[in-house]
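Everything numeric here is computed off the predicted structure, so don't read it as measured data. So that the names make sense, note that chain A is the first sequence line, chain B the second, and so on, each numbered from 1.
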Number of protein chains: 2
Amino acid sequence: MKKIFEVLKNVSIFDNIPPDSLGDALDLLKARKALYKKGSPVFLEGSPADFVGLVLSGKIHIIKEDYYGNRNIVAEVCQGELFGEVFACAGIAAIPVSVLAADDSEVLLMDFKSMFMQPADKTCDTLLSNLLKIVANKTLQLNQKIDILSKRTTREKILAYLSMQIKACGSPEFIIPFNRQELADFLCVERSAMSAELGRMKRYGLIDFKKNKFRML
Amino acid sequence: MKKIFEVLKNVSIFDNIPPDSLGDALDLLKARKALYKKGSPVFLEGSPADFVGLVLSGKIHIIKEDYYGNRNIVAEVCQGELFGEVFACAGIAAIPVSVLAADDSEVLLMDFKSMFMQPADKTCDTLLSNLLKIVANKTLQLNQKIDILSKRTTREKILAYLSMQIKACGSPEFIIPFNRQELADFLCVERSAMSAELGRMKRYGLIDFKKNKFRML
DNA sequence: TAATTTCTGTTGTTTTTACAACAAAAGAGG
DNA sequence: CCTCTTTTGTTGTAAAAACAACAGAAATTA
């Protein structure tokens with residue numbers, strides 16, 4: 001349990017909650033730990049939207065599949081990050097995505113319904129306002145993804161994604177968290193076409209890359 | 001002022017705020033009314049993200065332009081709907097989109113910063129939790145847009161959009177709120193190509209339409 | 001109502017992508 | 001080290017989209 005607290009200290013939903021109130025907050029949220037093997041489902045599309053997950057270790061992918069089976073990685077959730085909170089907060093019945101463990105992962109499951117039923121409670125108040133900030137930021141992330149997807153050509157999508165990465169890590173050289181297939185899924189383009197386009201961009205002197213290490217020129 | 005209250009009654013950010021507290025809430029938010037002519041800017045990209053708008057009448061478009069000038073209508077905001085709240089709640093400095101009046105519009109401008117500085121206030125509490133639900137739902141909307149944009153072909157994008165409309169209005173026959181150019185911008189495809197595709201889909205018996213009235217077959 | 005402007009549909013050409021099939025490279029396990 | 005598997009890059013072909021240019025329809029205004 002001590003290890004959990006170590007992770008929670010750095011999780012923004014618990015910002016401004018004093019360490020000695022953390023246990024209360026977890027009780028309030030009926031928190032419990034669960035383990036998932038790489039590739040196994042955390043939630044399947046259609047599950048009730050009551051529960052929210054916090055990644056204690058490992059990596060979680062939020063996946064949407066269309067009727068042709070094109071996978072779309074909506075988001076990658078890493079240690080200390082939340083998932084499912086949007087569905088819980090929006091008050092919908094079933095989640096419209098699947099959640100899979102991308103690595104062996106430990107997840108803290110929490111019940112958010114309880115949070116909305118305790119007005120004027122200080123801890124609840126803080127959780128609520130932290131949550132608002134988190135959800136708002138997630139919305140901005142989705143906006144970024146829309147920025148990428150609204151580009152017409154594969155090259156523009158790649159450039160939009162890479163520019164985004166540069167901004168995020170502050171350097172023109174960086175390591176992307178996807179392999180080629182995952183990147184293609186994220187950008188919603190064909191892997192082989194993307195690979196070809198990456199090759200052209202390298203020859204053309206726009207970018208350089210080796211495996212997952214990219215550099216803008 | 002009475003007319004404003006009439007609109008606010010049905011606005012979900014003021015849900016569960018008793019009518020006699022509404023004035024207090026508006027004071028708290030430093031609300032003031034502003035008028036915008038069709039086509040004129042409400043906020044330009046780069047403006048500070050302190051203010052939030054509520055459409056009292058008319059119609060507002062949230063616009064993002066890429067460096068080639070392809071317009072992308074991120075959202076259409078109608079009477080009784082909020083805009084800019086995500087940027088204010090996320091705590092960023094400048095807004096990354098432009099906001100234009102799509103019609104002559106009345107807007108209620110509010111300062112959200114004040115809301116985060118009044119903990120344990122009942123009205124604030126309610127506003128906060130309403131806001132959370134709103135932002136979460138907006139996130140879901142963006143997810144829907146991503147669902148559309150992640151489709152590879154124009155036809156699939158059109159079908160995804162139309163299916164979405166059917167779900168939203170509960171009938172296979174409906175009127176879309178865009179003209180052809182706006183729809184193309186929303187779907188991030190070429191207008192003429194989309195028009196051609198619509199024609200093919202009609203001839204093929206997939207859909208029927210006349211002007212803005214569509215019907216799925 | 002006529003003139004003008006805006007919107008929509010059509011068509012041909014060029015560019016880009018999807019698709020498929022395969023080759024090369026990199027990794028994993030024995 | 002070799003074999004097997006996975007990942008990545010390459011190429012040719014067919015399909016789709018972007019683009020451009022224009023014609024007809026609809027809406028607006030004088």
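Rounded to 10 degrees, the angle between the two end axes of the helix from C:dT1-D:dA30 to C:dG30-D:dC1 is 50°, with five pairs used at each end.
Between the C1' atom of C:dC7 and the NZ atom of B:K213 lies a distance of 20 Å, rounded to the nearest Å. The distance between atom CD of A:E190 and atom C1' of D:dA14, rounded to the nearest whole Å, is 14 Å. In this entry the distance linking CE of B:M194 with C1' of C:dT8 reads 9 Å, nearest Å.
Residue B:T154 places at least one side-chain N or O closer than 4.0 Å to OP1 or OP2 of D:dA17.
Taking the ring axis of A:F186 as reference, the NZ or CZ atom of A:K145 stays within 45° of it and closer than 6.0 Å to the ring centre.
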When the side chains of residues 90-97 of chain A are checked against the rest of the protein, which donor-acceptor pairs come out under 3.5 Å, sequence neighbours left out?
none

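Every residue meeting the side-chain hydrogen bond (donor to acceptor under 3.5 Å, both in side chains) condition with B:R200, not counting sequence neighbours, appears here in chain and number order: B:E197. Partners of B:F43 under the ring-ring contact (aromatic ring centres under 6.0 Å, His included) rule, at least two apart in sequence or in another chain, do not exist in this structure. In this view, B:R32 satisfies the side-chain hydrogen bond (donor to acceptor under 3.5 Å, both in side chains) rule with no residue, not counting sequence neighbours.
The aromatic rings of B:F214 and B:F209 lie parallel to each other, with less than 30° between the two planes, well short of the 60° mark.
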Could you list, one pair per line, each protein nitrogen or oxygen that sits under 3.5 Å from a nitrogen or oxygen of nucleotides 8-11 of chain D, together with the distance?
from, atom 1, to, atom 2, distance (Å)
D:dT8, OP2, A:R180, N, 2.9
D:dG9, OP2, A:R180, NE, 2.9
D:dG9, OP2, A:S195, OG, 2.8
D:dG9, N7, A:R191, NH1, 3.1
D:dG9, O6, A:R191, NH2, 3.1

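Judged purely by distance below 3.5 Å, without hydrogens or angles, the side chains of A:Q181 and A:D185 pair a donor atom with an acceptor atom.
A salt bridge does not link B:D208 to B:R215: none of the charged nitrogens lies less than 4.0 Å from a carboxylate oxygen.
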